[in-house]
J.: 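Before we start, here is the structure in question, set down as structure tokens.
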Amino acid sequence: MKKLITILLVLCTVISTLLCGCDGNDKTVSETESGKPEAEFMDYVDVTKDIPVTKSTDKYRNYYEIFLYSYYDSNGDGIGDIQGLISKLDYLNDGDPETDTDLGIDGIWLMPIMPSPSYHKYDVTDYYGIDPQYGTIDDFKQLIAECNKRGINIIIDLVINHCSSQHPLFVQAKEEVKNGNLDGAAKYFNIKQFDVKPDGWSNITGKWYYECNFTPQMPEFDLSGKAARDEISKIVKYWLDMGVGGFRLDAVTYYTNDDTDGVEFLSWLTQTVENINPNAYIVGEYWVNVPSSISEMYESGVDSLFNFPFSGLDGNMIDSVNTNAGASFAASALEMQEILMRGNSDMIDATFLSNHDQQRSSGPLGKDTVKMKMAAAAYMLLPGNPFIYYGEEIGMGGNCDTDPDKRTGMVWSLTDLEGYTQLPPGAKNTYKPEQGVDEQLKDENSLLSYYKRIIKIKNQNPEIARGRITETIDTGKKSVGAYKIKYNDTQLIVVHNMSDHARTVTISKSEHGYTGLCADLVAGEAAEGEQPYITLDGETLYLPPYSTAILK
Ligand code: CA
Ligand code: CA
């Protein structure tokens, strides 16, 4: 790795020297002139063109969240399925790092695939099967093999806070409790006596109740008990042995109750998975907006917890883009990292703009492609593992009032309707997409092309995901945020211009130890007469509206 990074550094230096034609005169450009470089336009050279791309072999990946139901239907029943996903894997990653016809993600999070009475399948009736709507165990094994060929790590949703009220074990538990037997299946669940029904519990018989914080159809396991833990051990071993590369843990927030210490349970689960496969990756849905609380959960040793405070409509990333707050974005990224690392200095931050429970990010970003591009660069160029919600890379939108409306069919093409899925039950969407995957693949200025370029840049610069932010750099402009990432012996600087105007900033080479520009991303359109691409002239960095430079 070190050797490769040295090669990258040398390449960056050579290319940037060629590009900049540095004259040694470090011009100071005043605020009033910002946006107008003094020099004539230089020819554009793509600085990323010849930098080698590396394939990830560790836990650091660009993940893609898929709701199979709405992805691609292979057999014409209107419901997406495993074979449908297999047929679309070349879109996600064709396995060849030299080609750029694919998105380039190298991790997939599959939302629940196990048999369930609901369309979303977050209430499982059999932890050792595949829901027939999606296919068979053989289909799933084929999916894993196809992912392995392409270097994609596949993780599955593990819903073990609760199961379905139709799970045979719970049906049995209810019957036994009615007959006064608490030593059988009842031991797996949180079943207790109360005089008055507490919130989040449902009655079985007499004074006996079971815990069910979501709905009565989702009875919760007793995660502190031996019965449930033995069963969970078997479940994770079954899937890891089959070849899944880890788990996304559902509802981690609810692991904690009067009897169970959530940190202790998550620590046990992490250890259980690591003992079977130390390379398996775990990310938990611990849905809280208090960073210090996430930090406490990181004490369990889990690889990742989703960074909810940064996600969503009011989250730091979308808000920063909408308010042109580049400098404060960089500052909060550093602050957040420091808080999370208190819980576990090895934690891998898991960032995202939105997921299946939230409004699609195109909404709060005003359906503005430029802002969607800027937001993508903002979260994906932070250290850690970003999670792209399927369709986010093409700016899918729509009414998101109900959960099913947040999970509508992937738009593959506006003209070729092969593989289209029906609306999930309960969705009222009347969304008319302007572009699909096919259209955006042909358009080099599309959002999809921007995602592809971001991922390519990340694969060229492995320290972005693996490093730590060590400092922010004051550019003197509120809209321009800059932070330094260090990884082993190498470092780079990410600079975001979140302004709708071009900005010119000066970043000292001697103080910050960089030699040139190694990546450029331009989302916004320059004003007439202004240079439309990023340039570095000595220490003077010119950034068009909504653009990102990486200095190395
Ligand atoms: Ca189907
Ligand atoms: Ca490729």
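Atoms within a ligand are numbered from 1 in the order they appear, just like the ligands themselves. FYI, side chains are in, hydrogens and waters are out, and symmetry mates aren't considered; it's all heavy atoms of this structure.
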J.: Out of the N/O/S atoms in Asp77, what is the name of the one closest to the Ca ion (ligand 1)?
T.: OD1
J.: Checking one value in my table: which N/O/S atom of Asp81 lies closest to the Ca ion (ligand 1)?
T.: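 Per the distance ranking, Asp81 contributes OD2 as its closest N/O/S atom to the Ca ion (ligand 1).
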J.: Run through Ser165, Ser116, Ser164 and flag the one making a side chain to side chain donor-acceptor pair (under 3.5 Å) with Asp123.
T.: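 Looking at Ser165, Ser116, Ser164, the match for Asp123 under the side chain to side chain donor-acceptor pair (under 3.5 Å) is Ser116.
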J.: CG/Leu340 to OG/Ser304 distance, rounded to the nearest 0.5 angstrom?
T.: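 Result: 10.0 Å between the selected atoms.
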J.: So, 3.0 Å as the limit: is an N/O/S atom of Thr421 located closer than that to the Ca ion (ligand 1)?
T.: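 It does not: Thr421 brings no N, O or S atom closer than 3.0 Å to the Ca ion (ligand 1).
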J.: Does Leu414 offer a backbone N or O that forms a donor-acceptor pair with the side chain of Glu439 under 3.5 Å?
T.: yes
J.: The Ca ion (ligand 1) is nearest to which N, O or S atom of Asp73?
T.: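 Nearest N/O/S atom of Asp73: OD1.
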J.: Going by the angle between their ring planes, with limits at 30° and 60°, are Tyr71 and Tyr390 parallel, tilted or perpendicular?
T.: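 Because their plane-to-plane angle is over 60°, the rings of Tyr71 and Tyr390 count as perpendicular.
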J.: Could you tell me the separation between the CE atom of Met498 and the CE atom of Met317, rounded to the nearest 0.5 Å?
T.: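 If I round to the nearest 0.5 Å, the distance is 9.5 Å.
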J.: So, is Ile79 placed with an N/O/S atom under 3.0 Å from the Ca ion (ligand 1), counting both backbone and side chain?
T.: yes
